[in-house]
Amino acid sequence: MKKQEIDYILTKMLDAHGSVSDLNITAGKPFQVESSGQLAAVEIDPPFANLTPFQTEIFALNLINQDRRLTENLIKEGSCDSSYELPGRPVSA
């Protein structure tokens, strides 16, 4: 997956709803965001109705960019919290 594709999907997720606090990429579900305490699906073009385990793994591995600690957390726990900076987007505190 190319960086431009990741940036496109993440931008769509951030812009999908107001007050987005979390981005969720989960096998068997569409891309989702948490907004005002509620999970909401995000429409992406081309559409992703339900992400496959392979799609979520590839997306996650691209996001964590060979970070050893995050990779170990992902393998052991099945998830990990990470950060990612989008070019041209303000960084929130």
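Computed from a prediction, not measured in an experiment: that's the story for all the values here. Both backbone and side-chain heavy atoms feed into the values below; hydrogens, waters and symmetry mates do not.
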Atom pair [atom1] ([X]) and [atom2] ([Y]), whose distance is rounded to the nearest 0.5 Å:
| X | Y | atom1 | atom2 | result |
| --- | --- | --- | --- | --- |
| Ser19 | Gln38 | OG | CD | 12.5 Å |
| Asn24 | Lys29 | CG | NZ | 8.5 Å |
| Lys12 | Leu23 | NZ | CG | 14.5 Å |

Side chain Ser35, main chain Val20, donor-acceptor under 3.5 Å:
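No; zero donor-acceptor contacts below 3.5 Å.
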Using only atom types and a distance under 3.5 Å, with no angle test, would you say the side chain of Glu5 pairs donor to acceptor with the backbone of Lys2?
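At least one qualifying donor-acceptor pair exists.
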Is there side-chain contact between [X] and [Y], with heavy atoms separated by less than 4.5 Å?
| X | Y | result |
| --- | --- | --- |
| Met13 | Ile9 | yes |
| Asp67 | Ser82 | no |
| Ile64 | Cys80 | yes |

Measure across Ala41 and His17 and return the closest heavy-atom pair with its distance rounded to 0.1 Å.
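That closest heavy-atom pairing would be O-NE2, 3.7 Å.
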With the 4.5 Å side-chain cut-off for hydrophobic clustering, are [X] and [Y] part of the same group?
| X | Y | result |
| --- | --- | --- |
| Leu74 | Ile25 | no |
| Tyr84 | Tyr8 | yes |
| Leu70 | Leu63 | no |

Taking the hydrophobic residues Ile, Leu, Val, Met, Phe, Trp and Tyr, and joining any pair whose side-chain heavy atoms are under 4.5 Å apart, which ones share a cluster with Leu39?
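Members other than Leu39 - counting any ILVMFWY side chain reachable under 4.5 Å - there are none.
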Distance-only criterion, 3.5 Å: show the donor-acceptor pairs between side-chain atoms of residues 51-61 and protein atoms not counting sequence neighbours.
from  : atom 1 : to    : atom 2 : distance (Å)
Thr52 : OG1    : Gln55 : N      : 3.0
Thr52 : OG1    : Gln55 : OE1    : 3.3
Gln55 : OE1    : Thr52 : N      : 2.8
Thr56 : OG1    : Thr52 : O      : 3.4
Thr56 : OG1    : Pro53 : O      : 2.8

Could you tell me whether Asp81 atom CG has more than 12 heavy atoms of other residues or ligands within 6.0 Å of it?
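Atom CG in Asp81 is not packed in, count stays at 12 or less.
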